[in-house]
Amino acid sequence: MLHRLKDTLAEALKEAVQRAIQSGELKIQEVPEISWETPSEAAFGDLSTTIAFSIAREIKKNPREVATAVAAQLGLDPNLVEKAEVAGPGYINFFISPACWRSAIPTILAQGKDYGRSEVGKGRRVQVEFVSANPTGPLHVGHGRGAAIGDSLANLLQAVGFSVEREYYINDAGTQMEILGRSVWARYQEELGREAAFPENGYKGGYIRDIARRLVSDYGERFLAVPEGETIDLMSAYASRIILGEIKEVLEEFGVKFDSWFSEKGLYGEGDPLEKFRRFVQVRELIAKGQIYEYEGALWFGTAVFGDDKDRVIIRSNEAPTYFASDILYHINKFERGFDKAIDIWGADHHGYVPRLKAAVKALGYPPDALEILLVQLVRLLRGGRPVAMSTRAGEFVTLAEVLAEVGKDAARYIFLTRRSDSPLDFDLELAKAQSLENPVYYVQYAHARLSSILREARKAGFPETYGDADLSLLSLPEEVSLIKKLAFYPEVVLGAALFCEPHRIPAYLQELAAQLHSYYNKHRVISKDRALSLARLALVASIRIVISNALSVLGVTAPERM
RNA sequence: GGCCCCGUAGCUCAGGAGGAUAGAGCAGGAGUUUCCUAAACUCCGUGUCGCAGGUUCAAGUCCUGUCGGGGCCUCCA
């Protein structure tokens, strides 16, 4: 609705500029693109354009004069626009008629769950890769934040028409897996009463011992007889399978469903990784171009010329590929699967890798913006304002599962999504549990429950469940028009949040909408003796409920009927 | 040493692709319920937008420098 309105007004503006050109008032070649502002104050109208400034710059005239000349030529539909006026240094402000705003209501009621969706991304495939934690231990709170952001971002992109795939990259190859195997091996031996040195950098968490115990109960002492060299792989395979299973469980509980679980091992497949890599590189003639070269026995990728600080090793002199090699192969694989865009969501501690991976993508000949990397800052876990001590190395950390058990999915997801991802987040367990003013989740959910309650009461009072007959012109209070306006902007909020990868815009919007609703509710009765007015207000209430419900659903938070 | 992020009200943070007099939540104070859910509402805010320059008709927003906080640098994973 808003989108159409803007197009209509932009058209009218362009025509006005044309006429001003023809009449000789403006001497410009072509009409510039119309951009819209939403004024900060009601006195400045509902929509505002700064087109006069850009024209004025071109022809070196006073912006105010330009605005006046354009406004004088404006032919506007009085059903849509009450007035358009020149204000300040050269704004043209449009005052949209209440009737026009009200037309949003039938649209919302008709579209229901689809209200807010658009087709901007139609025909384009995006992959969102997130969480991707090593299967060497349980997910912690930080992973939870990444999960919430990745999942809602995927929802948002879907809502604006992209075809989206959620992927979890399982880092199941390399040194960490070996360390996992060694850790389990040590615990396994201990369980069976054999002296065993625990690896220096091993995983000390209690879950390793649990896995060792399961191993004992499943297989008894069988592995003690196997040569140590062979046991490590077996141990790490066994442990990672269990851990990955638990990761999947927690994510499901958290409401996150991946379309694909991509194994790093699978990336290399059966063949020798080094060979595989060389083959690919040759196909792309990277060696011929000098982008990949040997130096001191290692294979280097010349990322420096593509914006990295320095060149990077991809195959070490001991023939082992670095993680960078895996990352390169993995991203080649992504693009070969046909995604137009890959969005990686990483912990902020990996930010050092951004330039080198982007450089690699560029070197491989993919468009630079085909890869977008979103960094998620750390989560500081608090309890009653005091930091909760955590140390991954010592194996003491609060897991995502524990947080979920304590505060629940809705509060956790909502809080993770309230701040922009590049800003560190304080997550207070007491606050997340609190059913109080301090907890933003309940504020919004309560609004939804309230609206549901009104609609229930209306049904009891014999009001119809559809509002086609409602006389919406009765919604004349400033609060009502302002609420409708807010609803009309929802699709743009979704679009902005999706395109800028900023899910936090949704909770911010919800907070504002809920505040307006609560205030309206306390001031005016929806269901009254005036049946016509009641019906009109019920149509508004039903529309608000749809928008809150849709927005919460994008966040993966439930919209309760009762609280 | 190099790079990245952050610096906005007492606290936690927004600031929507440069725009008009910079906002919200919380904390603190005072009030509101015969009525659709008080998990709510109403009222109470003078901010060197870290600092200094610059670009622009217009800068919290862009550029440069600088100070403060956090993070990252490896033939580590």
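Reminder, nothing fancy here: chain letters follow the sequence lines and each chain counts from 1.
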Checking B/A40, B/A24, B/G16 against the side chain of A/H518 (C-beta onward), the nearest is B/A40
5'-most by nearest nucleotide on RNA chain B - A/D311 or A/L378: A/L378
Does any donor atom in the side chain of A/Y293 or A/D311 lie under 3.5 Å from an acceptor atom in the other side chain? yes
Which nucleotide in the set B/A40, B/C75, B/U12 lies at the smallest distance from any side-chain heavy atom of A/V313? B/C75
Sticking with atom C1', work out how far B/G53 lies from B/C67, rounded to a whole angstrom. 15 Å
Students often mix this up, so state it plainly: with edges at 30° and 60°, are the rings of A/F427 and A/F416 parallel, tilted or perpendicular? tilted
Using the aromatic ring of A/Y446 (for Trp, its six-membered ring), decide whether it stacks on the base of B/A40 within the limits of 5.5 Å and 30°. no
Closest listed nucleotide, where the reference is the side chain of A/R525 and the choices are B/U12, B/C35, B/C75: B/C35
Minimum-distance pair of heavy atoms, taken over all atoms of A/F95 and A/A43: CZ-O, 3.4 Å
Side chain of A/N522 (C-beta onward), nearest among B/G15, B/C41, B/C75: B/C41
If pairing requires Watson-Crick or G-U wobble contacts with both distances under 3.5 Å, which nucleotide is the partner of B/C11? B/G25
Using both distances under 3.5 Å as the test, list the Watson-Crick or G-U wobble partner of B/U33, or none. none
Partner nucleotide, any strand, of B/C3 [Watson-Crick/G-U, under 3.5 Å]: B/G71
Would you tabulate the pairs of protein nitrogen or oxygen atoms and nucleotide nitrogen or oxygen atoms of nucleotides 4-8 of chain B closer than 3.5 angstrom?
unit_1: B/C5; atom_1: O2'; unit_2: A/D422; atom_2: O; d: 3.2

Pairwise C1' distance, B/A9 and B/G2 [rounded to whole Å]: 36 Å
A/R57, nearest nucleotide to its side chain (from B/A58, B/C13, B/C75): B/A58
Distance only, no hydrogens: is a donor on one side chain within 3.5 Å (strictly under) of an acceptor on the other, for A/S326 and A/E264? yes
5'-most contact on RNA chain B: A/R312 or A/R316, nearest heavy atom basis? A/R312
Any donor-acceptor pair, under 3.5 Å, between the side chain of A/T322 and the base of B/A77, if you only look at N and O atoms? no
Pairwise C1' distance for B/G54 and B/C11, with rounding to whole Å: 34 Å
Any stacking of A/F500 on B/A17, going by centres under 5.5 angstrom and planes within less than 30 degrees? no
Could you check whether the rings of A/F94 and A/W36 sit parallel, tilted or perpendicular, using 30° and 60° as the cut-offs? perpendicular
Nucleotide nearest A/A87 (side chain, heavy atoms from C-beta), chosen from B/A20, B/A40, B/G15: B/A20
Between B/C75, B/A14, B/A39, which nucleotide has the shortest distance from any of its atoms to the side chain of A/W300? B/C75
Nearest-angstrom distance, P atom, B/A59 to B/C49: 13 Å
Can you figure out which of B/A38, B/G15, B/A20 approaches the side chain of A/P39 most closely? B/A20
Nearest-angstrom distance, P atom, B/C51 to B/G10: 14 Å
Does anything in residues 528-551 of chain A form a salt bridge (Lys or Arg N to Asp or Glu O under 4.0 Å)? List the pairs, not counting sequence neighbours. A/E480-A/R537, A/R545-A/E561
Taking any strand in view, what nucleotide pairs with B/G45 in a Watson-Crick or G-U wobble way, both distances under 3.5 Å? none
Taking all non-hydrogen atoms of both residues into account, name the closest pair between A/V554 and A/N155 and its distance. O-ND2, 2.8 Å
With P as the reference atom in both, quote the distance from B/C63 to B/U55 in angstrom, rounded to an integer. 15 Å
Which one of A/I315, A/L329, A/V313, A/I314 satisfies the side chain to side chain contact (heavy atoms under 4.5 Å, CB included) criterion with A/F324? A/I314
Pair partner, B/A52 [Watson-Crick or wobble, under 3.5 Å]: B/U64
Under 3.5 Å, is there any donor-acceptor pair linking the side chain of A/N201 to the base of B/A77? no
Without decimals, in angstroms, what is the distance between A/F44 CZ and B/A22 P? 11 Å
By nearest atom, which of the nucleotides B/U21, B/C57, B/A77 is closest to the A/E41 side chain? B/U21
Assess whether one donor atom and one acceptor atom, taken from the side chain of A/T38 and the base of B/G16, lie less than 3.5 Å apart. yes
Which one, B/C41, B/A39, B/C36, comes nearest to the side chain of A/S519? B/C41
Using the C1' atom on both, measure B/A22 against B/U8 and round to a whole Å. 8 Å
Write down the distance separating the P atoms in B/G18 and B/C13, rounded off to the nearest Å. 25 Å
